[in-house]
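Since the structure is predicted, the reported quantities are computational estimates derived from the model, not experimental observations. We count ligands from 1, going down the list as the structure has it; atoms in each ligand are counted the same way.
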Amino acid sequence: MRVTITRIPVEKVAVAHLSQSPSRPTIAAEPEPGSLLSTTLAQLESTFDRLELAEGMRLLIQQPERELSVTIPIVTDDGDIAVYKGYRVQHSSARGPCKGGIRYHPGVDFGEVRALATLMSIKCAVVDLPFGGAKGGISVNPADLTPRELERLTRRFAAMILPILGGKRDIPAPDVNTNEQVMAWFMDTISSREGQYTPEITTGKPIALGGSLGRAEATGRGVVIAAVETLHKLGMTPQGAAVAVQGYGNVGRHAANILREEYGCKIVAVSDVSDALYNPHGLDLALVNDHVARNTSGLLAGFGPDGLADHITNADLLALGVDVLIPAAIEGQITGENADSVRAKVIVEGANGPTTLEADAILNERGVVVVPDILANAGGVIVSYLEWVQNLQFYFWDIGEVRSQLSRRMRASFEELWTLSSELDLDLRSASYLLAVDRIAKAIQQRGLFLASGG
Ligand code: NAD
């Protein structure tokens with residue numbers, strides 16, 4: 001497949017004045033050095049240079065289109081009033097409705113939500129979904145709330161950001177510490193407000209409320225497709241390939257199990273916050289799954305008896321000499337400090353942002369193939385898209401149809417990026433940004449700028 005990146009011909013279209021900013025205003029708030037926002041903006045900056053984008057276009061893509069901050073009051077179970085800060089950021093609607101998760105975490109702030117919304121625009125454009133990016137969240141530790149308080153907080157938040165949501169405006173999904181129950185409350189609050197059933201307002205819902213089959217496994221399955229395709233490109237076979245997975249949660253667990261069951265990979269290590277297990281001959285994942293299911297904490301800690309696996313550290317796991325390393329836990333795990341010790345041939349980023357900019361440069365230099373998060377973990381948003389399509393037509397597919405659509409889209413996007421990176425001699429992350437920003441810029445360019453005055 002041939003991929004063409006075209007420079008935006010700013011001089012001959014209706015938005016020519018986008019190139020005429022006399023001086024370059026800074027973005028609304030300077031990002032914290034080393035933050036996800038500053039990394040994302042740095043990556044965008046080098047992409048803009050490669051595409052030779054005009055100044056005005058850079059400013060548009062660098063900054064979110066719309067941002068909403070809300071102060072959410074709830075009545076606690078004790079009868080007090082508690083107040084939380086919430087955010088919804090829409091980065092771009094140039095290619096379609098905005099799409100992105102809602103996270104509940106004490107660390108949520110405007111900077112983080114802006115960065116994540118931008119990354120969603122990039123991710124949707126990389127896999128060519130008709131969506132722009134958004135993200136939202138509340139600065140809260142949900143573990144401090146009772147289920148009733150969590151429901152009140154969610155419903156109040158949904159009502160407060162409703163003016164900018166909509167099945168063809170902005171469609172939330174679950175993210176860190178939110179789940180299908182939270183999406184069900186969102187959908188019910190909005191349907192009640194609108195006076196009609198609106199399942200297309202969120203994705204990641206329970207199946208009974210219009211959720212899609214295959215959504216839970218989707219991100220892990222997408223990671224698997226990215227890993228298998230990469231091995232094939234490198235002339236390696238997945239059968240017997242040694243794989244280490246950091247983070248045995250939703251993404252990591254599905255990826256590990258599908259790789260073993262459907263492709264015959266040898267899962268030599270898995271980890272979570274509590275422990276890391278290693279067996280060079282391959283872990284018995286049925287026993288690991290059984291242990292996690294029986295452990296009240298749902299964690300790996302306490303897996304035994306001795307002889308089934310060695311207990312190593314997460315740092316040891318990242319340095320194992322494996323064919324494929326899948327960081328599927330949290331951001332910032334492979335850094336300038338430990339990138340030299342990574343001995344994997346391929347890294348497939350299940351988590352968002354597990355590799356820092358410094359680490360990326362070191363790994364590229366050393367010839368380690370890194371399949372970036374914006375491609376590798378896009379399976380989740382692809383199946384969210386499929387859920388939205390099913391909701392809009394009130395017609396639901398079987399699991400085979402969902403898996404086959406996911407697989408077709410992931411493989412096509414992988415092939416396109418692999419070709420582009422080979423043709424331009426770029427690493428896969430830079431190629432992904434290039435393809436995505438080019439698509440977003442072209443959409444902005446082709447839509448032109450709407451002038452309310454008609455001028
Ligand atoms: P999860 O909470 O289900 O699982 C996370 C796992 O990582 C848990 O096993 C946890 O114990 C482990 N973990 C946390 N900190 C760790 C550490 N310091 N060292 C080792 N293990 C650690 O979350 P998830 O849904 O699987 O998401 C994982 C990552 O994938 C996140 O970065 C998320 O943003 C990203 N992601 C998830 C989806 C999705 O559909 N779930 C989609 C795209 C991206």
Discussion item. I'd like to check atom 2 (O) of ligand 1 in this structure: does the protein have a heavy atom lying under 4.0 Å from it?
Written reply: no

Item to complete: Pick, from Val273, Val223, Val383, the option with the minimum heavy-atom distance to atom 15 (N) of ligand 1.
Response: Val273

Practice prompt. Please confirm whether Arg215 comes under 4.0 Å of ligand 1, counting heavy atoms of the residue only.
Written response: yes

Worksheet item: When Leu231 is tested against each of Thr237, Val369, Val324 for side-chain contact (heavy atoms from CB on, under 4.5 Å), which residue passes?
Response: Val324

Discussion item. At under 4.0 Å between heavy atoms, is it the side chain or the backbone of Asp272 that contacts ligand 1, or both, or neither?
Written reply: both

Fill in: ligand 1 contact on Pro354 by region, counting heavy-atom pairs under 4.0 Å
neither

Worksheet entry | Arg403 with Glu217: basic N within carboxylate O range, under 4.0 Å | yes

Discussion item. Quick check: do Arg103 and Asn177 have side-chain heavy atoms less than 4.5 Å from each other?
Written reply: no

Worksheet item: Quick one: which of Ala329, Ala378, Gly380 has a heavy atom closest to atom 22 (C) of ligand 1?
Response: Ala329

Worksheet item: If you measure from the Lys or Arg side-chain nitrogens to the Asp or Glu carboxylate oxygens, is any gap between Glu65 and Arg169 under 4.0 Å?
Response: no

Worksheet item: How far is atom 37 (C) of ligand 1 from its nearest protein heavy atom, and which residue and atom is that?
Response: Val251 CG2, 3.5 Å

Practice prompt. Would you tell me which option among Val245, Leu299, Leu317, Thr219 has the nearest heavy-atom contact to atom 40 (O) of ligand 1?
Written response: Thr219

Item to complete: Run through Leu116, Leu119, Ile102 and flag the one making a side-chain contact (heavy atoms from CB on, under 4.5 Å) with Lys135.
Response: Leu116

Item to complete: Ignoring hydrogens, just give me the one of Ala328, Gly249, Gly220, Ala351 whose non-hydrogen atom is nearest atom 28 (C) of ligand 1.
Response: Ala328

Discussion item. Suppose we measure from atom 18 (N) of ligand 1 to each protein heavy atom; which comes out shortest, and what is that distance?
Written reply: Ile330 CD1, 3.7 Å

Item to complete: State the atoms of ligand 1, each with its element, that fall below the 4.0 Å cut-off from a heavy-atom position in Asn314.
Response: 19 (N), 20 (C)

Worksheet item: Between Tyr104 and Phe157, what is the ring plane arrangement, given parallel below 30°, perpendicular above 60°, and tilted in between?
Response: perpendicular

Fill in: Residue and atom name of the nearest protein heavy atom (relative to atom 25 (O) of ligand 1), distance in Å to one decimal
Asn250 CB, 3.6 Å

Discussion item. Between ligand 1 and Tyr248, is the shortest N or O to N or O distance under 3.5 Å?
Written reply: yes

Item to complete: Apply the test side chain to side chain contact (heavy atoms under 4.5 Å, CB included) to residues Val437 and Ile61: give CA-CA distance (whole Å), side-chain angles for both, the deciding distance (0.1 Å), then the verdict.
Response: CA-CA 8 Å; Val437 171; Ile61 297 177; 4.1 Å; yes

Practice prompt. Mind checking whether Gln246 contacts ligand 1 via backbone (N, CA, C, O), side chain (CB onward), both or neither, at a 4.0 Å heavy-atom cut-off?
Written response: side chain

Worksheet entry | Distance from atom 32 (O) of ligand 1 to nearest protein heavy atom, with residue and atom | Asn352 N, 3.1 Å

Response to the item:
From the list Val245, Val223, Ile267, Leu285, side-chain contact (heavy atoms from CB on, under 4.5 Å) with Leu259 holds only for Ile267

Discussion item. Salt bridge (charged side-chain N to carboxylate O under 4.0 Å, His left out), that's the test. Do Arg95 and Asp128 meet it? Break it down for me.
Written reply: CA-CA 9 Å; Arg95 304 184 73 252; Asp128 209 9; 2.6 Å; yes

Worksheet item: Are Arg411 and Phe414 in a cation-pi contact, defined as NZ or CZ under 6.0 Å from the six-membered ring centre and within 45° of the axis?
Response: no

